[in-house]
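Below is one structure, written out as structure tokens, with a few remarks after it.
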2 protein chains.
Amino acid sequence: MKTAKEHLEKFGIRPSIQRVAVMDYLLKHRTHPTVDEIYSALAPQIPTLSRTTVYNTLHLLYKHGAIFVVVIDGITAHFDGFTHPHAHFLCTECGKVYDVELKDSSFTNHNAPENAAEITDAQLYYKGVCKECRNKN
Amino acid sequence: MKTAKEHLEKFGIRPSIQRVAVMDYLLKHRTHPTVDEIYSALAPQIPTLSRTTVYNTLHLLYKHGAIFVVVIDGITAHFDGFTHPHAHFLCTECGKVYDVELKDSSFTNHNAPENAAEITDAQLYYKGVCKECRNKN
DNA sequence: CGTATCTTTGTAATGAATTCAAATATGTAA
DNA sequence: TTACATATTTGAATTCATTACAAAGATACG
């Protein structure tokens with residue numbers, strides 16, 4: 001696996017300590033963390049870290065295509081360092097966001113909006129109940 | 001076109017004045033309005049109308065499958081009274097949300113999440129710049 | 001008519017996200 | 001190295017969509 005620093009440089013982003021830490025966290029934690037989860041995890045290592053920096057960094061990473069932003073629950077943004085085409089599944093019971101492998105990823109092109117001059121992002125979301133939650137009841 | 005009242009009854013929702021007004025607005029305005037747009041449009045006709053009622057009503061309609069909720073810009077929810085399968089396209093310049101006709105709508109089944117016990121919703125979002133905005137520059 | 005239930009209302013609270021200006025760090029040229 | 005411009009980080013204050021909640025009002029049903 002490429003290091004976070006290499007990742008950033010690949011996307012033309014200057015690798016500051018904070019940026020490397022955020023990128024590294026996203027590469028190592030495929031759990032679609034929120035800003036607060038990222039901030040809380042990194043704050044002990046970087047005591048001066050500010051929430052604003054986490055926001056700034058995530059915006060920057062997104063703008064350069066280094067991460068996905070997953071706004072699936074309508075409340076909080078989740079972040080994903082895995083940028084190969086894939087969909088997401090939100091379990092509305094436990095709130096977890098799962099990756100969904102695409103067996104057919106050609107649909108995004110087939111269905112592209114006619115009145116679009118440019119498409120920068122395409123996301124496929126599922127909502128429902130995951131098997132773990134269903135088995136609990 | 002079916003009336004808003006008939007629509008609500010079809011989905012098992014009691015047609016109060018406020019609910020009919022919201023449903024009617026969504027059926028007649030295919031612009032994916034926000035809560036505030038709906039509230040502002042209806043407040044003159046229903047002077048006692050509360051924003052909370054609009055929220056309550058939209059939640060209820062969504063729960064009964066009478067409308068779509070489109071959270072595409074990550075900030076504000078947009079509402080859609082047209083519930084046949086279709087995708088959405090957000091122009092990041094003007095903020096408009098467009099309907100996207102699906103030429104191939106079978107992808108949702110093909111790509112359904114493996115660890116889902118139940119799927120309640122599937123949404124396909126595009127982001128980019130619409131032709132009108134591109135032509136302005 | 002009376003009571004239980006459903007619906008609406010408005011205020012207050014929540015909390016994710018943004019704004020902004022000051023402080024700090026980094027890169028570059030002399 | 002030093003000096004200066006630029007880039008980045010920080011934290012406090014603010015914004016604003018959404019939710020919580022309890023009281024008021026409307027509706028259904030015996």
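We name chains A, B, ... by the order of the sequence lines, and we start the count at 1 in each one.
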So, applying side chain to side chain donor-acceptor pair (under 3.5 Å) with B/Ser106, which one of B/Thr108, B/Asp104, B/Asn109 is it?
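So, applying the side chain to side chain donor-acceptor pair (under 3.5 Å) to B/Ser106 and each of B/Thr108, B/Asp104, B/Asn109, only B/Asp104 qualifies.
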
When we call it a touch if two heavy atoms are under 4.0 Å apart, what does [X] touch: a base, just sugar-phosphate, or nothing?
{"X": "A/Thr53", "answer": "base"}
{"X": "B/Thr48", "answer": "sugar-phosphate"}
{"X": "A/Arg19", "answer": "sugar-phosphate"}

Grab the [atom1]-[atom2] distance between [X] and [N] for me, whole Å please.
{"X": "A/Leu60", "N": "D/dT9", "atom1": "CG", "atom2": "C1'", "value": "13 Å"}
{"X": "A/Arg51", "N": "C/dG15", "atom1": "CZ", "atom2": "P", "value": "12 Å"}
{"X": "A/Leu49", "N": "D/dT8", "atom1": "CG", "atom2": "P", "value": "16 Å"}
{"X": "A/Ile38", "N": "D/dT9", "atom1": "CD1", "atom2": "P", "value": "14 Å"}
{"X": "B/Glu37", "N": "D/dC16", "atom1": "CD", "atom2": "C1'", "value": "15 Å"}
{"X": "A/Leu58", "N": "D/dT8", "atom1": "CG", "atom2": "C1'", "value": "15 Å"}

Give, ordered by number, those residues of residues 66-83 of chain B having at least one heavy-atom distance below 4.0 Å to an atom of DNA chain C; if nothing qualifies, reply none.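 Contacts with DNA chain C under 4.0 Å: none.
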
### Task
Just compare D/dT9, C/dT9, D/dT10 and give me whichever is closest to any side-chain atom of B/Ile46.
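Selected nucleotide: C/dT9.
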
Out of C/dT9, D/dT10, C/dA17, whichever nucleotide has its closest atom nearest the side chain of A/Tyr55: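 Between C/dT9, D/dT10, C/dA17, the one nearest the side chain of A/Tyr55 would be C/dA17.
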
- Are any non-hydrogen side-chain atoms of B/Leu58 and B/Ile38 less than 4.5 angstrom apart?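 Side chain of B/Leu58 against side chain of B/Ile38, heavy atoms only: contact under 4.5 Å found.
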
Centroid-centroid under 6.0 Å between A/His84 and A/Phe82 rings: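 Yes, ring centres under 6.0 Å apart.
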
Quiz item: Using the benzene-type ring in the case of Trp, are the ring centres of A/Phe68 and A/His86 under 6.0 Å apart?
Solution: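 They qualify: ring centres under 6.0 Å apart.
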
Next item on the list: For A/Arg14, check salt bridge (Lys or Arg N to Asp or Glu O under 4.0 Å) against everything at least two apart and list the hits.
Entry: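 If we apply the salt bridge (Lys or Arg N to Asp or Glu O under 4.0 Å) test to A/Arg14, skipping adjacent residues, there are no hits.
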
Sequence neighbours excluded, which residues qualify as salt bridge (Lys or Arg N to Asp or Glu O under 4.0 Å) partners of B/Lys10?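 B/Lys10 satisfies salt bridge (Lys or Arg N to Asp or Glu O under 4.0 Å) with no residue once adjacent residues are dropped.
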
A correct 5'-to-3' footprint of nucleotides 21-30 of chain D, with B, S and - meaning base, sugar-phosphate only and no protein heavy atom under 4.0 Å, is B------S--

Do NZ/NE/NH1/NH2 and the carboxylate oxygens of A/Lys136 and A/Glu132 come within less than 4.0 Å?
->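 Looking at A/Glu132 together with A/Lys136, the answer is no, because their closest N to O distance does not fall below 4.0 Å.
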
**Report entry** B/His59 side-chain N/O to D/dT19 phosphate OP1/OP2 under 4.0 Å
**Finding:**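 Yes, B/His59 has a side-chain N/O under 4.0 Å of OP1/OP2 on D/dT19.
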
- prompt: For A/Gln18 and C/dA25, is the shortest distance between a side-chain N/O and OP1 or OP2 below 4.0 Å?
  reply: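 Indeed not, no polar side-chain atom of A/Gln18 lies that close.
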
* To do: Would you please name every residue forming a ring pair (Phe, Tyr, Trp, His ring centres under 6.0 Å) with A/Phe89, sequence neighbours left out?
  =>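 Expected list: A/Tyr98.
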
For residues 48-55 of chain A, which side-chain donor-acceptor pairs fall under 3.5 Å, sequence neighbours excluded?
from    : atom 1 : to      : atom 2 : distance (Å)
A/Ser50 : OG     : A/Thr52 : N      : 3.1

